[in-house]
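Contents: one structure, followed by commentary.
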Amino acid sequence: MDRARLTLLNRKEKDGFLHMEARLHGGGGKPLSLRHRIPLSLKDQVTDWADPFVIGMIFPAMQIGKPVLVEGPVSPSLLFNLEEFMTMWAVWKPDRYRAVDITAEVEKEPPGQPEKGLAVMAFSGGIDSCFTAWRHRKGLAGRRTRNLLSAVFVHGFDVPLSRKTTYDNLEKRNRLLLSSIGMDLIPLRTNYREMLVGWGDSYAAALLSALALFQKKFDTALLGSSKPYSVMDPNAVWGSNPTSDPLLSSDSFRVLYDGGQFSRLEKLAVVARWPEALRFLHVCWENNRTEVNCCRCEKCIRTILSLRLLGLDQPPCFPETLGEEDIRSLKPHGEVAHRTLASLVREAEKRGLSGEIWVQVLKEMTGRKSWTRRFEDSARKTFFQREFPGSLLRSILYRIRSVRKQGN
Ligand SMILES: [Zn+2]
């Protein structure tokens, strides 16, 4: 039978780093290579199982749509969960993904960790990850509080591989931030995004592929929630979500979606109690040339305004003052950004701030349709008499944008 194969290449130790690579081939086009690199000193924490690479290749495998044979050991409990994971994504996005049959040469659970209950998280330095780090280190998550020791900061996700200085500078800041609450930073370099798999859908799998490497030491991964349960819209599924994320777990390595009951504003109110976070918080990925928040992009402006909403002064991590004109010149990308700004207006009105100039400016802006929606509407009217599927149009727009981003 025609099937693809996932092969683990021999690990290499070079210049103080451990290089790991897996190749997905037989899918028709060129073989896909997924490479992770970590400091050699962490070698003993890394699993011998193929699980992290099966997770990392799950979206490409669903795009290829052929059965996959993994040459190496895989946890049957992971395969059990991934089967449901793929079914979900195939229902959500049938034009992009198919659930495929995955088998491994050896299907067997890995030996357990020497110490139970140790957790690792993904860390970007933004609100979601600061919130999760702080909450668990301060024991604020009730029974769900984990013994969170390390955070993986990935070079090749938010910071492109070409921006080495930015990554190095952010790594220093994040290390300071994490050490202030007794956590270690694990630097990891990956080419995941260069495989050009749709990032919006696959980023939780990409993060887990990185975190699951360390399962010889840790049995739990925490993924900071990217959206609260209260605004979960089944028509706008996002790569990381409480429904499909936990299905990236196996019996020996559990994934928890953390903090879904908190809005971004509530998270910011908690993070604002952390003095180092007010110095080093990093939310800006638009202007990713430096480690400093640009104070002009949608995410920077949204965070500064959220702090105003909480009655807080602009902290040192946002060095530029924000004027009315800067808010006015903002161009939110897509429906989601547009809706987020509109919710900021509603929250401000609820708190009796409707008289503030910035609230009025924002309200005026969010009254207009976003450019993606306008483009979609007019394309539909002009060419397709309203029969062209919006999802296809959105995926074309997505493609254009991701190629543009890659070119940055
Ligand atoms: Zn910015």
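In each ligand, atom 1 is the first atom listed, and ligand 1 is the first ligand listed.
Sorted by first and then second residue, the ring pair (Phe, Tyr, Trp, His ring centres under 6.0 Å) pairs involving residues 164-189 (not counting sequence neighbours) are Phe153-Tyr167, His155-Tyr167.
The distance cut-off of 2.8 Å around the Zn ion (ligand 1) captures these protein N, O or S atoms, sorted by chain and number: Cys284 SG, Cys294 SG, Cys297 SG, Cys300 SG.
Counting heavy-atom neighbours within 6.0 Å of Arg279 CZ, excluding the residue itself, gives a total of 12 or less. Within a 6.0 Å sphere centred on CZ of Arg144, heavy atoms belonging to other residues, nucleotides or ligands number 12 at most.
With sequence neighbours left out, Glu320 forms a side chain to side chain donor-acceptor pair (under 3.5 Å) with no residue at all. Legend: residues meeting side chain to side chain donor-acceptor pair (under 3.5 Å) with Glu83, ordered by chain and number and at least two apart, are absent.
Less than 6.0 angstrom separates the ring centroid of Trp89 from the ring centroid of Phe59.
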